[in-house]
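Beneath this line is the structure, given in structure tokens, with notes to follow.
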Amino acid sequence: TIERIGLTARWCDAAIFNGIVFLAGHVPEKTEGRPLAEQTEEVLALLEETLADAGSSKERILSVQIFLTDIGRIGEMNAVWTVGGEGHAPARATVEAKLASPGYGIEITAVAAKR
């Protein structure tokens, strides 16, 4: 059985299969166009919310993919990065990418284990 969280006609916020939570790319909804640190904080909060809805948490993230519109600003993102914590850091990739809206500075997707 596949469970979907936040299902729309084109995507879902998360799909759960066999105890693994696959998160869609999350982007800043309220902080679009604002400083990257603010966008990162919002996106991390949105990810946490989706993970909670899926029966997981940020400490259970296995891997994360981060897309930045300017890789030169990775330090701004790292300054507010709160995923994993001591002993729980996920496998991570960070790349530069053109995103769907010019106001987005970041998009994050992840894979996590359920509780």
Side-chain angles (χ1 to χ4, degrees):
T1 302
I2 299 171
E3 180 184 353
R4 290 179 170 79
I5 306 289
L7 182 62
T8 73
R10 291 194 175 93
W11 70 82
C12 62
D13 292 332
I16 305 163
F17 179 74
N18 213 17
I20 304 294
V21 182
F22 300 88
L23 281 82
H26 284 57
V27 295
E29 297 172 3
K30 297 178 181 164
T31 57
E32 181 177 351
R34 307 278 313 248
L36 184 59
E38 288 181 39
Q39 290 189 34
T40 301
E41 288 173 338
E42 181 193 359
V43 172
L44 292 175
L46 291 170
L47 286 171
E48 265 191 274
E49 200 174 288
T50 301
L51 285 166
D53 290 345
S56 188
S57 67
K58 66 181 181 179
E59 293 78 22
R60 311 260 319 146
I61 293 177
L62 303 170
S63 68
V64 63
Q65 297 160 357
I66 304 162
F67 305 93
L68 298 175
T69 55
D70 181 356
I71 198 70
R73 298 175 62 199
I74 192 170
E76 295 172 57
M77 186 269 304
N78 279 332
V80 295
W81 182 255
T82 59
V83 172
E86 188 67 33
H88 299 284
R92 179 179 127 170
T94 307
V95 299
E96 184 172 272
K98 187 173 185 174
L99 301 179
S101 171
Y104 295 162
I106 188 168
E107 181 169 345
I108 302 176
T109 184
V111 176
K114 282 191 72 150
R115 289 190 196 115

Quick one, R115 with S57, criterion side-chain contact (heavy atoms from CB on, under 4.5 Å). Give me CA distance, side-chain angles, the key distance, then yes/no. CA-CA 8 Å; R115 289 190 196 115; S57 67; 3.9 Å; yes
E32/S101 under side chain to side chain donor-acceptor pair (under 3.5 Å): CA gap, chis, key distance, verdict: CA-CA 9 Å; E32 181 177 351; S101 171; 2.4 Å; yes
How about [X] and [Y]: do any of their side-chain heavy atoms sit closer than 4.5 Å?
X	Y	result
V95	F67	yes
I66	W81	yes
T69	K98	no
L44	V83	yes
I71	T94	yes
L36	L68	yes

Which residues pass the salt bridge (charged side-chain N to carboxylate O under 4.0 Å, His left out) test with R73, not counting sequence neighbours? E76
Residues in salt bridge (charged side-chain N to carboxylate O under 4.0 Å, His left out) with R34, at least two apart? E38
Can you spot which of E107, E41, Q39 makes a side-chain contact (heavy atoms from CB on, under 4.5 Å) with P28?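 That would be Q39.
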From OG1 (T40) to CG (N78), nearest 0.5 Å: 9.0 Å
Under 3.5 Å donor-acceptor, K58 side chain and T82 backbone: yes
Could you tell me whether a side-chain N or O of R60 sits under 3.5 Å from a main-chain N or O of K114, the two making a donor and an acceptor? yes
Is there a path of hydrophobic side-chain contacts, each under 4.5 Å between heavy atoms of I, L, V, M, F, W or Y residues, that connects [X] with [Y]?
X	Y	answer
V27	I108	no
L99	V43	no
I5	V21	yes
V111	L47	no
L51	F22	no

R4 charged N/C atom sitting above W11 aromatic ring, 6.0 Å / 45°: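 Judged by the rule, R4 and W11 form no cation-pi pair.
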Identify the two heavy atoms, one from I61 and one from A110, that lie closest to each other, and give their separation to 0.1 Å.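 Nearest pair, atom of I61 first, then A110: CG2-CB, 4.0 Å.
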Taking all non-hydrogen atoms of both residues into account, name the closest pair between A113 and S56 and its distance.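 In this case the closest contact between A113 and S56 is O-OG, 2.6 Å.
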Between H26 and T50, is the side chain to side chain donor-acceptor pair (under 3.5 Å) condition met? List the steps. CA-CA 10 Å; H26 284 57; T50 301; 2.9 Å; yes
Among side-chain atoms of T109 and Q65, is any donor-acceptor pair under 3.5 angstrom?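 Checked: T109/Q65 side chains show no N/O donor-acceptor pair below 3.5 Å.
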